[in-house]
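Report on the following structure.
Hydrogens, waters and symmetry mates are skipped; everything else that's a heavy atom, side chains included, is used.
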Amino acid sequence: METGSLTKEQLLDMYSKMVKIREFENQAIELAKMNLTRAAVHTYNGEEAIAVGVYASLTEKDCISSTHRGHGHCIAKGADPVRMFAELMARENGYCKGKGGSMHIADQKIGILGANGIVGGGIPIATGAALAMRLQKEEGIVVCFFGDGASNEGSFHESLNFASIFKLPIVFVCENNQYGISTHVSKSTSAEHISDRAIGYHMPGRTVDGNDIKAVYKEFAEAAEYARAGKGPVLLEMETYRLSGHYYGDNENYRTREEVTSWRLKDPIKRCREYLSEEGVDQEQMDAMSRKIKEEILAASAEAERGPIPDPANLEDDLYDDSFAEIKWKPWIKQ
């Protein structure tokens, strides 16, 4: 099978993962409505094809860095919805023991370097991880997710320059959902396409339909192959749209209902269903799969809510890694 082609079975698996992300986000919104979440909740609705299409080409040795809108990335990489919901609800059984909230989920055991509440904050972290992989001669690659707003941060430009100089095994994935909070990308970015900026750092750059699971899979598979071959970094711009507001409670007065409606017609889950129909999968089978996933997500939410509340006495635990106390630091340059 050529790079970028998909079987019916792969499409079904991708469909199930996209639905899982959508149902998680829908339940996260319901929890926020009930005031059960303990921090701002930024949902991934409408962008699911990117995380799922990218993950399909990753291995256990690969790592990702995420953003403040990172639930979809974590679920696609294999994170546990129970622990994720627990983190949103500030429960001790959450990924960060209830201390990090929605924007800081991390699990290094499965290659999730961490979501980040700082715009562009994860870009240099991902670049550093890619440098470590190269120095340690590891086989994996790093995927760095960030939004269109982060492409105007200094961390973006510095990291792309550094990654290009050292030909690091990293794919920069810009999820261009058209808005940096409430500012449209056309008012904040001088380039026609964010991928155009790749030429300034001597790396391949492509703009992809981020709502088309087949296009995402194909383009990322090729980019991953390029990075794994030691040729250096790639910049992919995935054009998409967040169907929900910037966060739960956003009044969304900066965009029209007509605009949102037009993008709903491009919903990545809807388009994946159309592909599956062409492959002979009937609507009832897809609906049954969706219902089962919704039940699993609701059960995960209920289990997480039963988790213990963190003890205030443990507030300052986990601020430091005690294992570093035994390290005798040596200067990089001998005197």
Side-chain angles (χ1 to χ4, degrees), residues 1-27 29 42-58 69-77 143 145 147-148 171 173-179 185 193-195 206-224 236-245 255-294 297:
M1 185 171 64
E2 65 177 296
T3 300
S5 59
L6 288 169
T7 65
K8 180 173 71 174
E9 290 70 26
Q10 286 176 307
L11 269 175
L12 268 172
D13 182 60
M14 290 179 174
Y15 173 75
S16 69
K17 286 186 171 69
M18 285 196 284
V19 171
K20 185 176 184 180
I21 294 170
R22 179 71 59 89
E23 292 299 339
F24 181 95
E25 298 293 45
N26 288 343
Q27 179 59 11
I29 290 172
H42 305 79
T43 58
Y44 200 63
N45 287 351
E47 304 180 32
E48 297 89 350
I50 302 172
V52 174
V54 164
Y55 174 74
S57 294
L58 299 184
R69 198 178 306 283
H71 302 159
H73 306 148
C74 294
I75 292 172
K77 194 70 169 68
V143 181
F145 291 103
D148 47 283
V171 180
V173 178
C174 176
E175 296 178 310
N176 181 0
N177 63 21
Q178 312 303 311
Y179 287 92
V185 64
H193 295 292
I194 291 170
S195 63
R206 299 176 186 169
T207 296
V208 185
D209 182 348
N211 283 16
D212 183 340
I213 188 67
K214 286 187 175 182
V216 172
Y217 176 74
K218 178 180 184 299
E219 294 294 342
F220 182 80
E222 292 178 0
L236 294 180
E237 175 191 13
M238 303 286 184
E239 291 190 325
T240 184
Y241 195 82
R242 52 175 165 80
L243 296 177
S244 302
R255 62 184 189 177
T256 66
R257 293 304 89 194
E258 290 77 14
E259 179 182 297
V260 177
T261 299
S262 69
W263 276 94
R264 285 192 180 280
L265 298 176
K266 306 173 186 177
D267 187 319
I269 294 177
K270 174 179 176 292
R271 292 172 74 177
C272 188
R273 287 177 69 103
E274 292 170 355
Y275 282 138
L276 287 168
S277 293
E278 293 170 3
E279 293 287 340
V281 181
D282 60 54
Q283 299 293 319
E284 290 183 5
Q285 180 180 347
M286 289 184 273
D287 290 342
M289 182 183 293
S290 298
R291 286 193 296 271
K292 181 180 179 182
I293 292 170
K294 183 173 184 176
I297 289 297

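When all heavy atoms of Ala51 and Gly72 are compared, the closest pair comes out as CB-O, 3.6 Å. Between Tyr15 and Ser290, the shortest heavy-atom contact is OH-OG, 2.8 Å. In this structure, Tyr217 and Ser57 approach most closely via the heavy-atom pair CE1-OG, 3.6 Å. When every heavy atom of Ser244 is checked against every heavy atom of Ile29, the shortest pair comes out as OG-CD1, 4.1 Å.
Side-chain atoms of Glu237 come within 3.5 Å of backbone N or O of Ile194 as a donor-acceptor pair. Using a distance-only test at 3.5 Å, with no hydrogens or angles considered, a donor-acceptor pair links the side chain of Gln178 to the main chain of Asn176. When atom types are taken as modelled, the side chain of Thr240 and the backbone of Gly46 share a donor-acceptor pair closer than 3.5 angstrom. The main-chain N or O of Thr7 is found under 3.5 Å from a side-chain atom of Gln10 such that the two form a donor-acceptor pair. Distance alone, capped at 3.5 Å, places no donor-acceptor pair between the Glu175 side chain and the Asp148 backbone. Listed for the Glu222 side chain is no donor-acceptor partner under 3.5 Å among the backbone atoms of Phe220.
The CG atom of Asp212 lies 12.5 Å from the CD atom of Glu239; values are rounded to the nearest 0.5 Å. Here Asp13 contributes atom CG and Met18 contributes atom CE; the two are 10.0 Å apart, rounded to the nearest 0.5 Å. Note: Lys20 NZ to Ile297 CD1 = 6.0 Å, rounded to the nearest 0.5 Å. Of the inter-residue distances, the one linking Glu274 atom CD with Ile213 atom CD1 reads 14.0 Å to the nearest 0.5 angstrom. Separating the OG1 atom in Thr207 from the CG atom in Leu236 is a distance of 9.0 Å, to the nearest 0.5 Å. In this structure, Ile269 CD1 and Glu23 CD are separated by 8.0 Å, a value rounded to the nearest 0.5 Å.
With a 4.5 Å cut-off on side-chain heavy atoms, Arg273 and Gln283 count as touching. Looking at Glu47 and Asn177, their side chains come closer than 4.5 Å, going by heavy atoms from C-beta outward. Considering only heavy atoms from C-beta on, Leu12 comes within 4.5 Å of Met289 through its side chain. At least one side-chain heavy atom of Leu243 sits under 4.5 Å from a side-chain heavy atom of Arg22. Side chains of Ser16 and Lys292 form no contact here, defined as non-hydrogen atoms less than 4.5 Å apart. In this structure, the side chains of Cys272 and Leu11 come closer than 4.5 Å at one or more pairs of heavy atoms. Residues Asn26 and Asn45 are in side-chain contact: their nearest non-hydrogen atoms beyond the backbone lie under 4.5 Å apart.
Between Trp263 and Tyr241, the angle of the ring planes stays under 30°, which puts this pair in the parallel group of the 30/60° scheme.
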Please test Leu6 against Glu279 for side-chain contact (heavy atoms from CB on, under 4.5 Å), starting from the C-alpha separation and ending with a verdict. CA-CA 11 Å; Leu6 288 169; Glu279 293 287 340; over 6 Å; no

Any chance you could lay out the side-chain contact (heavy atoms from CB on, under 4.5 Å) test for Val143 and His73, step after step, and finish with the verdict? CA-CA 10 Å; Val143 181; His73 306 148; over 6 Å; no

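Here Asp287 does not pair with Arg291 in a salt bridge; the nearest charged N to carboxylate O distance is not below 4.0 Å.
For Glu9, the CD atom sits in a packed shell: over 12 heavy atoms of surrounding residues, nucleotides or ligands are nearer than 6.0 Å.
Just one residue in the list Phe145, Tyr44, Phe24 forms a ring-ring contact (aromatic ring centres under 6.0 Å, His included) with His71, and that residue is Phe24.
The cationic group of Lys214 lies under 6.0 Å from the six-membered ring centre of Tyr275 and within 45° of the ring axis, placing it in a cation-pi geometry.
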